[in-house]
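Everything on this sheet refers to the single structure shown next.
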Amino acid sequence: MTRNERVMLVAVIATAACLLAKLSYPLPTEFDLGPFAFWVGVTLISSFAPVNLPGGVLAYLNTAPLLAALFDSSLVNPFAVCWVAFFGTFGLRDFRREVPWYGTLYNRANWVLATYVGWVALFITGPWVKAGDPYASFAQILIVGAAFALTNNLLSVLAASIRTRSPFAKVWAVSVRQVAIGLVGQVPMGWLMAQIAITVGYWATLPFLVPLLLARYTFTKYAETRDLFFGTVSALSQAIDAKDGFTRGHADRVSRIAGAIAREMGIGEAEIERIELAGLLHDIGKIGVEDRILMKPMRLDADEQELMRRHPIYGASILEPSAALRPLVQMVLHHHENFDGSGYPEGLRGEGIPLGSRIIIVADAYEAMTSDRIYRKAIGHERALDQLNKYKGIQFDPKIVRSLEQLLAKRGPDAFEVSELPPINYETLAELRRRLAREPLVRDAHAG
Ligand SMILES: [Fe+2]
């Protein structure tokens, strides 16, 4: 943790501690323990096992019971609801010591502060809401829910982005935004739970736990599906690396460099994610190129070059049928287009080339020049940048080369360390190449 991060952590915890102390002294006289204990219990049930979302943020389903306690007029608020937020949000991982003690404190502080901000919103909007005015009540519920959810999510994403060393915007995009609709759904539910508790009885709110647990199931499925998708794409990209004879992790590194360039250029997170995926899969079409061409250790002749140049088209056709991968088709199809129009397959030029493709070609070239290959050593960071500069405006978009330079000036030449994946057995691959050079594979008759 850096000094600034420690200061931030201490500031959040200290603010919440001061707030709780201020609310609890002097103790409110008409405090009723029954409803307080009830909301602590219900919140504990819904907090116990949060869902791990991509990006390192945890999705809790305790928004509804916490807001129910907030809207419950029989509680002495904000005193009671802030303590409900403190006691009710402990989870299994806190008891199992899966979270460091300061993480447990930070999380408690987060809930207490978010709940208090929600109460402030309720307090401010209170005088405007007349009894029996549904529109004003509805607006009030939305404002209170938004104030609560915004504070809570900001503090959660801040912590997750520090913990996972990922940019704030990225964590926000892959986690909170995806489940925002689900969270918003819990806000009116919280209000309704409070009304039912007051008019019918506290016991009548218990059936609400069923949709909450169902929502937990949906979040889990979302997280699993996303993991499965990225895991499969990553495995596929490693398979392409292996077939291509590249160092393992080539595509992974291209993807990370391309993503970082895109972020440096201020592109939105959803598009960055597509560019990263296209970076992983840009050479997938090489599956359709014969091994004797792909692995030929000497220069390709004109016919072989022509066949090799088809791989972006093969790649596009492989991705096209999948709805999830279709947005990458154009980027993959044009990742060998040169800025001056001399590339392939369509000879597009300048801004006519999709932005993602212009980024990937720079990332691909930089990666190739700065990592060792079986037949040559890396030429190094400085010379790689010289080459990119030499060919900007010809092969590369000058704007993107400049962004990469700025990025590397900030993060240093080691910013994109070679992948941590275990290396492919180079010896076997080298032997295979030598053997292929000696005795080229005879293709099956049906393969032509
Ligand atoms: Fe390629």
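No hydrogens, no waters, no symmetry mates; every other heavy atom, side chains included, goes into these values. Just follow the structure's listing: the first ligand is 1, and inside any ligand the first atom is 1.
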> How would you list, by chain and number, every residue that makes a side chain to side chain donor-acceptor pair (under 3.5 Å) with Arg96, sequence neighbours excluded?
Replying inline: Glu98

> Do Thr43 and Asn62 have side-chain atoms, one donor and one acceptor, less than 3.5 Å apart?
Replying inline: no

>> Can you give me the closest heavy-atom contact between Arg216 and Leu61, atom names plus distance?
In response: CB-CD1, 2.9 Å

>> Give me each pair satisfying salt bridge (charged side-chain N to carboxylate O under 4.0 Å, His left out) with a member in residues 144-155, each pair once, sequence neighbours excluded.
In response: none

> Ignoring water, what protein N, O or S atoms are under 2.8 Å from the Fe ion (ligand 1)?
Replying inline: Asp283 OD1, His311 NE2, His335 NE2, His336 NE2

> Quick one: side chain to side chain contact (heavy atoms under 4.5 Å, CB included) partners of Lys221, sequence neighbours excluded?
Replying inline: Tyr217, Glu224

> Can you say whether the rings of His311 and Tyr344 are parallel (under 30°), tilted (30 to 60°) or perpendicular (over 60°)?
Replying inline: perpendicular

